> 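If you scroll down you'll find the structure; I have some questions about it.
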Amino acid sequence: MNIAVDWRAEAKRLTIRNQAFIGGAFVPAASGKTFPCTSPLDGAVLAEVSECDAEDIDRAVTSARKAFDTGVWSNQSPKQRKRVLLKFADLIQKNANELALLETLDMGKPISNARNGDLRAVTECVRWYAEAIDKLYDEIAPTPRTALALIEREPIGVVGAVVPWNFPLLMAAWKFAPALAAGNSLVLKPAEQSPLSALRVAELAAEAGIPAGVFNVAPGFGETAGQALGRHADVDALAFTGSTEVGKYFLKYSAESNMKSVSLECGGKTPNIVFADTADLDAAARGAADGIFYNSGQVCDAASRLLVEDRIHDRFLSRVMELAQQYRPGDPLDEKTRRGAMVDQTQTTRVLNFIEKGQQEGAALVTGGKQVRRETGGCYIDPTIFDRVENSMAIAREEIFGPVLSTISFHTPEEAVAIANDSKYGLEANLWTNDLTKAHRIARALRAGTVTINNRDGGGIEVPFGGYKQSGFGRDKSLHAIAKYTQLKTTYISFG
Ligand code: NAD
């Protein structure tokens with residue numbers, strides 16, 4: 001990152017795109033309605049954003065369908081789409097400071113995380129799918145020699161994408177990059193808390209050469225715009241990232257409309273299991289702290305349940321408590337700040353209610369627990385740690401989506417696995433041990449889409465990401481994501 005950037009000055013210079021992007025142009029909502037987009041840094045209104053509803057969703061879907069049917073994008077060769085998408089990635093990179101600033105102002109994450117984390121990952125994601133798409137081959141089936149069966153992957157058509165606010169642009173990119181690379185048209189509905197970066201990126205897509213109507217962005221609320229997209233009869237596939245509760249609505253919307261395919265990337269309650277034989281316990285403690293306090297714990301795979309072997313419990317927990325102090329919230333526009341604001345006051349209050357509930361249920365609050373920096377007018381919570389948590393308590397069962405760690409002791413590996421799996425979620429599990437056999441055995445026993453061993457990283461765009469159980473189904477990232485945006489066609493030719 002260019003350390004000479006004066007982010008406050010840049011923020012004053014920003015031109016915010018605040019209208020829907022439909023059919024290749026910025027347009028107001030048909031109703032003329034707008035909603036205020038508020039910054040959690042200080043409560044300031046950043047922009048009045050077009051409030052799309054069913055009519056606008058219909059306009060966006062119609063425009064996407066038209067673009068798809070004319071073949072302006074869907075019939076381009078993979079090599080041509082690759083060229084345009086690489087240009088798109090270049091433009092994202094060129095405008096990364098502006099996009100990162102929009103993320104920080106809109107949802108509160110530190111500018112260093114937005115610029116060095118989110119924007120790098122977004123650029124890499126678009127570039128990766130651009131590079132991948134002209135290297136995928138289809139299949140010929142092993143038929144008798146009197147026949148030829150082609151098994152071809154075709155774009156599915158019009159894709160609806162509904163995404164959350166915790167990594168606004170990255171969660172969107174995990175959908176739009178593979179969907180566009182595969183030749184689809186798309187209608188993206190960003191979260192109402194964080195619509196700004198998606199609107200700007202749609203404009204960059206057009207500048208890169210993605211034809212009008214192929215990439216539409218319709219900001220608005222879940223119950224109106226989100227639902228209209230989920231229920232639209234001309235949407236072929238709906239890719240959702242968000243809470244488990246809302247994910248279930250999309251299954252219903254699909255069932256009650258056109259049986260569109262639905263893929264769900266939902267919540268998590270990641271168990272982070274630390275065994276006493278871990279070679280580098282300090283690395284494990286750093287992983288535990290970063291795993292719950294990065295992005296204020298507003299991360300689907302946040303390591304929110306710390307399972308510690310009882311004989312190292314005291315010293316391990318005191319090290320995590322010490323590290324937690326490095327994650328006290330600060331000014332998100334200061335490059336040295338490690339942790340910023342919560343997304344809004346609603347989420348802040350929700351997290352504080354869970355903290356109260358944890359205390360009522362008898363867990364020991366050992367660090368934090370309070371809203372801080374109130375003088376800023378923004379939404380900040382101190383890093384919070386509970387000890388003596390039972391896995392039956394709400395703070396161990398529910399996804400808090402905040403900087404709140406629940407510590408649980410265990411005695412045997414079997415007990416650790418039982419506690420880890422005793423959850424409706426199965427997005428990720430983390431494991432720390434120096435015993436290779438134990439690591440493999442436990443990784444197999446854990447019911448989670450990703451298991452990390454002696455790290456909290458989980459890999460980049462090249463590995464799939466998604467859940468078991470009520471964390472959802474379908475996978476983002478990697479070549480496996482392409483499956484959500486394509487369908488297989490068999491063409492059977494007989495010679496005999
Ligand atoms: P949310 O479910 O409240 O909202 C997500 C999106 O759904 C938003 O765009 C919202 O407007 C829309 N929506 C809300 N209600 C709707 C309705 N009734 N009909 C249609 N659309 C509706 O989630 P959130 O609070 O924005 O994000 C946090 C959640 O996202 C957490 O549960 C987190 O675990 C999850 N998440 C999962 C992953 C993953 O890859 N598994 C990644 C990031 C976030």
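The structure displayed is predicted, hence computed values, not measured ones. All ligand and atom numbering here is 1-based and tracks the order in the structure. Residues: numbered from 1 along the sequence shown.
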> Applying the side-chain contact (heavy atoms from CB on, under 4.5 Å) criterion to Val61, which one of Asn216, Asp56, Val187 satisfies it?
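Of all the options given, the one that passes is Val187.
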> Considering only the protein, which heavy-atom contact is closest to atom 28 (C) of ligand 1, and what is its distance?
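Nearest protein contact, heavy atoms only, for atom 28 (C) of ligand 1 is Phe401 CE2, 3.4 Å.
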> Taking the ring centre of each residue, are Phe465 and Trp174 less than 6.0 Å apart?
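Distance test on ring centres: under 6.0 Å, yes.
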> Would you check whether Val163 has a nitrogen or oxygen atom less than 3.5 angstrom from a nitrogen or oxygen atom of ligand 1?
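Yes; the residue has a nitrogen or oxygen that sits under 3.5 Å from a nitrogen or oxygen of the ligand.
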> Considering distance alone, does some N or O of Asn166 sit under 3.5 Å from an N or O of ligand 1?
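In this structure, Asn166 places no N or O atom under 3.5 Å from an N or O of ligand 1.
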> Between Cys52 and Ala20, which heavy-atom pair has the shortest distance, and what is it?
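Distance-wise, the nearest heavy atoms are SG-CB, 3.7 Å.
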> Any nitrogen or oxygen of Ser243, main chain or side chain, under 3.5 Å from a nitrogen or oxygen of ligand 1?
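Yes - when backbone and side-chain N and O of Ser243 are compared with those of ligand 1, one distance drops under 3.5 Å.
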> Protein heavy atoms: any of them under 4.0 Å from atom 2 (O) of ligand 1?
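It does; a protein heavy atom is within 4.0 Å.
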> Note the single closest protein heavy atom to atom 35 (C) of ligand 1, along with its residue, its atom name and the distance in Å.
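Scanning the protein heavy atoms, the shortest distance from atom 35 (C) of ligand 1 goes to Gly242 O, 3.2 Å.
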> Distance alone, cut at 3.5 Å: any donor-acceptor contact between the side chains of Asp106 and Trp165?
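The answer is no; no qualifying pair exists.
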> Which atoms of ligand 1 have any heavy atom of Phe240 under 4.0 Å away?
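What qualifies from ligand 1 is 2 (O), 5 (C), 6 (C), 7 (O).
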> Show the atoms of ligand 1 that are less than 4.0 angstrom away from any heavy atom in Leu427.
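Numbered from 1, ligand 1 contributes 41 (N).
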> For Thr241 and Lys175, test the side chains for any donor-to-acceptor distance below 3.5 angstrom and give the result as yes or no.
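Looking only at side-chain atoms, Lys175 and Thr241 do form a donor-acceptor pair, the distance falling under 3.5 Å.
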> Specify the protein heavy atom at minimum distance from atom 36 (N) of ligand 1: its residue, its atom name, and the distance to 0.1 Å.
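Going atom by atom, the protein heavy atom closest to atom 36 (N) of ligand 1 ends up being Cys300 CB, 3.5 Å.
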> So which of Ser194, Gly267, Gly467, Cys266 gets nearest to atom 41 (N) of ligand 1, if we judge by its closest heavy atom?
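Answer by nearest heavy atom: Cys266.
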> For ligand 1, which atoms, with element, lie under 4.0 Å from some heavy atom of Phe250?
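Matching atoms, with element in brackets: 20 (C), 21 (N).
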> A cation-pi test, strictly: NZ or CZ of Arg373 under 6.0 Å from the centre of the six-membered ring of Tyr380 and no more than 45 degrees from its axis. Yes or no?
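Satisfied, under 6.0 Å and within 45°.
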> Do Gln298 and Lys109 have a side chain donor and acceptor closer than 3.5 Å?
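Note: Gln298 and Lys109 side chains miss the donor-acceptor criterion.
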> Could you name the option among Phe221, Phe167, Tyr253, Tyr249 that has the heavy atom nearest to atom 19 (N) of ligand 1?
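Looking at heavy atoms only, the winner is Tyr253.
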> When you measure from atom 27 (O) of ligand 1 to every protein heavy atom, which one gives the shortest distance, and what is it?
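Minimum-distance protein heavy atom for atom 27 (O) of ligand 1 reads Pro164 CB, 3.2 Å.
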> Given Glu399, Gln227, Glu223, which one has a non-hydrogen atom that is nearest to atom 32 (O) of ligand 1?
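Looking at heavy atoms only, Glu399 sits closest to atom 32 (O) of ligand 1.
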> What are the atoms of ligand 1, with element, lying closer than 4.0 Å to any heavy atom of Gly226?
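Here the atoms of ligand 1 in question are 20 (C), 21 (N).
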> Geometry only, no angles: is Gly222 polar-contacting ligand 1 at N/O separations under 3.5 Å?
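Right, the criterion is met.
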> Does one side chain, of Arg305 or Asn391, offer a donor that lies under 3.5 Å from an acceptor on the other?
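The criterion, which ignores hydrogens and geometry beyond distance, is satisfied for Asn391 and Arg305.
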> Pairing donors with acceptors under 3.5 angstrom, does anything connect the side chains of Asp382 and Tyr327?
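On atom types as modelled, these side chains do not qualify, holding no pair under 3.5 Å.
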> Flag this pair as yes if the NZ/CZ of Arg447 is under 6.0 angstrom from the six-membered ring centre of Tyr468 and inside a 45 degree cone about the axis; otherwise no.
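The answer is no; the distance or angle limit is not met.
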> May I ask you to list the atoms of ligand 1 that are less than 4.0 angstrom from any heavy atom of Glu192?
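In order of number, 10 (C), 11 (O).
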> Suppose I only count heavy atoms of Met171 and a 4.0 Å limit; which atoms of ligand 1 are within that range?
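Answer for ligand 1: 42 (C), 43 (C).
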> With a 4.0 Å heavy-atom cut-off (strictly under), which part of Asp476 contacts ligand 1: side chain, backbone, both or neither?
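None of Asp476 does.
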> Considering non-hydrogen atoms of the protein only, which is the closest contact for atom 24 (P) of ligand 1, and what is the distance?
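Result for atom 24 (P) of ligand 1: Trp165 NE1, 3.3 Å.
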> Side chain or backbone of Ser471 under 4.0 Å from ligand 1, or both, or neither, by non-hydrogen atoms?
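Neither; no heavy atom under 4.0 Å.
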> Would Gly472 count as a contact residue for ligand 1, given that I'm defining contact as a non-hydrogen atom of the residue lying under 4.0 Å from a ligand atom?
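It does not, in that no heavy atom of Gly472 comes within the 4.0 Å cut-off of ligand 1.
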> Tell me the protein heavy atom at minimum distance from atom 12 (C) of ligand 1, and give that distance in Å.
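In this structure, atom 12 (C) of ligand 1 has Val162 CG1, 3.7 Å as its nearest protein heavy atom.
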> Hey, which of Asn272, Thr270, Leu446 is the one that makes side-chain contact (heavy atoms from CB on, under 4.5 Å) with Glu428?
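The single option meeting the side-chain contact (heavy atoms from CB on, under 4.5 Å) with Glu428 is Thr270.
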> Have a look at ligand 1 and work out which part of Gln347, if any, has a heavy atom under 4.0 Å from it: side chain, backbone, both or neither.
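No part of Gln347 comes within reach of ligand 1.
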